[in-house]
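Quick notes on the structure that follows.
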Amino acid sequence: MSKKLDMEILASLCKRRGFIFQSSELYGGINGFWDYGPLGCELKRNIKDAWWKAMVRTREDVVGLEASIIMHPAIWKASGHADGFADPMVDCKDCRKRFRADQLCEEQGLELIKNGSAFALPAGAVCPACGSKNLTEPRSFNLMFKTYVGPVEDDSNVAWLRPETAQAIFAQFNNVLATARQKVPFGVAQMGKSFRNEINPRNYTFRSREFEQMELEFFIRPDEAVELICGKITTLADNPDLDGEPQESWGWEVWHRYWVHQRLGWYRAIGLPAADLEQYWQTGDELAHYARACVDIEYAFPFGVQELEGIAARSDFDLSQHQKHSGKGMDVFDEALKQAADKLDAAAKEAFVQKVVADWTGRGKAAEDARAFATKLLEGKYVPHVIEPSAGTDRLALALLCNAYEEETLTDDKGKTDVRTVMRFHPAIAPIKLGVFPLVKNKPELYGKAREIFAKLQRRWNCFWDESGAIGRRYRRMDEAGTPWCVTVDFQTLEDGTVTLRDRDSMRQERLTIPALVEKMDAEIG
RNA sequence: GCGAGCGUAGCUCAGUGGUAGAGCGCCACCUUGCCAAGGUGGCUGUCGUGGGUUCAAAUCCCAUCGCUCGCUCCA
């Protein structure tokens, strides 16, 4: 691939061929929003189909959900996303650091001035870092898009466009559990639009204000439950087989690693080279307080190595937060756990509780919380923990576009050189699978036969009919669209039913019957 | 959000106060027996948008929107 691909060259091709347009271009555009054209929306659809197939359809332990974008505002209080709104921030114009206005004032023995919903700094407030008085007015820094439900705009009906799809999965956890006939460990997957009012959208579509996510929340037992059921916990030290069936004895760390492994495999399967994929393991300081581990899967974009997906082990934080805020229980009852606990005598149970308490207090948690958790476990109940692989669809589309782009210099028989622009998409995600052409269009019998073959192939795959211009030109047009194969119907087709199949990458041609072609397509597209 | 640069046809760009252009692409017809062939004809723009200066503005001024780069931010 072209590592030095200029994003403007790519953006130009994307516009010229109909992959990506700037939103609202007719009116001068709007920053941070993008539209997918005829080829782009096919590409994105193929990405989503591939993800859904890998994550939901071909698994017995994952089910889908499609939730509304606007949800009860309390969800964002529980998740922590709404906090910034209540906390106006000030920036220091000199050292460029940002502080919470209320904390800054309190530290300096001052009081933040409040005028209705606006805030102002009292005289004498200075930057805690550099001492400068050159501070901005306090401003709210919530990055969620705000709207009103119903016709009246007042504080009582404020709502937010979701900044992530994940929370709906937690909010609907009980309903899914009750209806899906699944038991922990299992997952809930969702794809859909999310919105973040980014301060500074950059790098073409990479950071957009409206974007699509593909998220899985995979719920697992707490390690302590696994230990009670299996007698031991499989850890990474046991060298578990991450390609095989998941095992009941896996602890959270193995589950987390399993999903990292699965997701990397998927990216490779849709054509991103392993060499351009990187893992970034967040370190202790970078992890959110509730997260036990978080890995970013990154791709080497022309503008830098950037995140495609984050895979976080989030403990029971999310469900617990919703349990706390909603007052509704998020416990699951685990029959296997109950049976395992029932086999223990009173002394063994107490020993188990003591062990959990010792373990938790060693990690700085309260003994009474540990005791309550352990006692519930012995009743077969717990709040599930979660592993969250969260991918950005648009970022992936951009990565695939960057990866596919190539300018190839060709030399013909006479030594004349020519540059061919070709989008080398994996067949599974290529917007158009087949171009279908009559060799010439002014021979009715040839033309009719080609239409007949096109109609047949079109029922299976997205095909593109092209009869205009010389055959070579038509091939090159398909190269820029990233179409992996072109079928040309010629005079020999009328005699023996074979067609010419031209391969995008090698530019080689072979003759095939239609059934042989269909078989080849099935094998290559997957 | 700050600083700098840039916005002219679908794309790449020329045009510095006097009736908007080129190449490529695209469309139609002809031609064409396999890699951007050739011929003929054709389409496309409130010169990003809105104001202002001027007899006259793509060109000068102001504002605004968008893009790029560097900081900043990034749940």
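Note that this is a predicted model, so its numbers are computed, not measured. Reminder, nothing fancy here: chain letters follow the sequence lines and each chain counts from 1. Computation of the quantities below employed the complete heavy-atom set of this structure, encompassing side-chain atoms and omitting hydrogens, waters and symmetry-equivalent molecules.
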Inset, instruction - Can you figure out which of rA75(B), rG66(B), rC27(B) approaches the side chain of Met144(A) most closely? - result: rA75(B)
Strictly under 3.5 Å: I want the nitrogen or oxygen pairs between protein and nucleotides 34-38 of chain B, one per line.
residue : atom : partner   : partner atom : Å
rC34(B) : O2   : Tyr475(A) : OH           : 2.8
rC34(B) : O2   : Gln509(A) : OE1          : 2.4
rC34(B) : O2   : Gln509(A) : NE2          : 3.2
rC34(B) : N4   : Asp490(A) : OD2          : 2.4
rC34(B) : N4   : Thr500(A) : OG1          : 3.1
rC35(B) : O2'  : Arg476(A) : NH2          : 3.0
rC35(B) : O2   : Arg476(A) : NE           : 3.2
rC35(B) : O2   : Arg502(A) : NH2          : 3.1
rC35(B) : N3   : Arg502(A) : NE           : 2.9
rC35(B) : N3   : Arg502(A) : NH2          : 3.1
rC35(B) : N4   : Arg502(A) : NE           : 3.1
rC35(B) : N4   : Met507(A) : O            : 2.5
rA36(B) : N6   : Glu480(A) : OE2          : 3.4
rA37(B) : OP1  : Arg473(A) : NH2          : 2.6

Legend entry - Which residue lies more 5' along RNA chain B, comparing Arg395(A) with Val440(A) via nearest heavy atoms: Val440(A)
Legend entry - Partner nucleotide, any strand, of rC35(B) [Watson-Crick/G-U, under 3.5 Å]: none
Inset, instruction - Could you let me know what rU40(B) is paired to, Watson-Crick or G-U wobble, both distances under 3.5 Å, or none if it's on its own? - result: rA28(B)
Inset, instruction - Give Tyr204(A) one of three labels, base, sugar-phosphate or nothing, depending on what nucleic acid heavy atoms sit under 4.0 Å from its own. - result: sugar-phosphate
Inset, instruction - Tell me yes or no: between the side chains of Ser194(A) and Gln213(A), is some donor less than 3.5 Å from an acceptor? - result: yes
Legend entry - Distance between C1' atoms of rG51(B) and rC65(B) (Å, rounded): 14 Å
Inset, instruction - Quote, to the nearest angstrom, the P distance that separates rA20(B) from rU49(B). - result: 15 Å
Inset, instruction - Verify whether one side chain among Glu309(A) and Tyr267(A) offers a donor that lies under 3.5 Å from an acceptor in the other. - result: yes
Inset, instruction - With the side chain of Glu8(A) defined as its heavy atoms from C-beta on, choose the nearest nucleotide among rU68(B), rA75(B), rU31(B). - result: rU68(B)
Legend entry - rG48(B) and rA58(B), which share atom name P, separated by this distance in whole Å: 10 Å
Legend entry - Distance, P atom - from rC67(B) to rC34(B), rounded to whole angstrom: 47 Å
Legend entry - Complementary nucleotide of rC69(B), counting Watson-Crick and G-U pairs under 3.5 Å: rG3(B)
Legend entry - Sidechain N-carboxylate O distance under 4.0 Å for Glu524(A), Lys433(A): no
Legend entry - For rU16(B), the Watson-Crick or wobble partner whose two distances fall under 3.5 Å: none
Inset, instruction - Name the closest nucleotide to the Trp34(A) side chain, picking from rC69(B), rC11(B), rC67(B). - result: rC67(B)
Inset, instruction - Could you state the atom-to-atom distance from NZ of Lys441(A) to P of rC30(B) in whole Å? - result: 7 Å
Inset, instruction - Look at all strands and tell whether Lys443(A) reaches a base, only sugar-phosphate, or nothing, counting heavy atoms closer than 4.0 Å. - result: nothing
Legend entry - Nucleotide nearest Arg196(A) (side chain, heavy atoms from C-beta), chosen from rA75(B), rC73(B), rC27(B): rA75(B)
Legend entry - Donor-acceptor pair between Arg511(A) and Thr500(A) side chains, under 3.5 angstrom: yes
Inset, instruction - Decide if atom CD of Gln492(A) counts as having more than 12 heavy atoms of other residues, nucleotides or ligands within a radius under 6.0 Å. - result: yes
Inset, instruction - Can you tell me, in whole Å, how much space there is between the C1' of rC74(B) and that of rC6(B)? - result: 26 Å
Legend entry - Pair partner, rA63(B) [Watson-Crick or wobble, under 3.5 Å]: rU49(B)
Inset, instruction - Tell me yes or no: between the side chains of Gln167(A) and His81(A), is some donor less than 3.5 Å from an acceptor? - result: no
Inset, instruction - Figure out the CD/P separation between Glu217(A) and rA75(B), and round it to whole Å. - result: 17 Å
Inset, instruction - For Arg209(A) and rA75(B), give me the distance from atom CZ to atom P, rounded to whole Å. - result: 16 Å
Inset, instruction - Check whether the side chains of Asp496(A) and Thr498(A) place a donor and an acceptor atom closer than 3.5 Å, and report yes or no. - result: yes
Inset, instruction - Output yes when at least one side-chain N/O atom of Asn31(A) is less than 4.0 Å from OP1 or OP2 of rC65(B), else no. - result: no
Legend entry - Side-chain donor-acceptor pair present, Trp255(A), Glu253(A), cut-off under 3.5 Å: no
Inset, instruction - For nucleotides rA56(B) and rU72(B), find the distance between their C1' atoms and express it as a whole number of Å. - result: 45 Å
Legend entry - Rounded P spacing from rC13(B) to rG50(B) in Å: 25 Å
Inset, instruction - Quote, to the nearest angstrom, the P distance that separates rC11(B) from rG25(B). - result: 15 Å
Legend entry - Residue whose closest nucleotide on RNA chain B lies nearer the 5' end, Phe33(A) versus Arg207(A): Phe33(A)
Legend entry - N or O in side chain of Lys15(A) less than 4.0 angstrom from rG10(B) OP1/OP2: no
Legend entry - N-O pairing of Glu407(A) and Arg420(A) below 4.0 Å: no
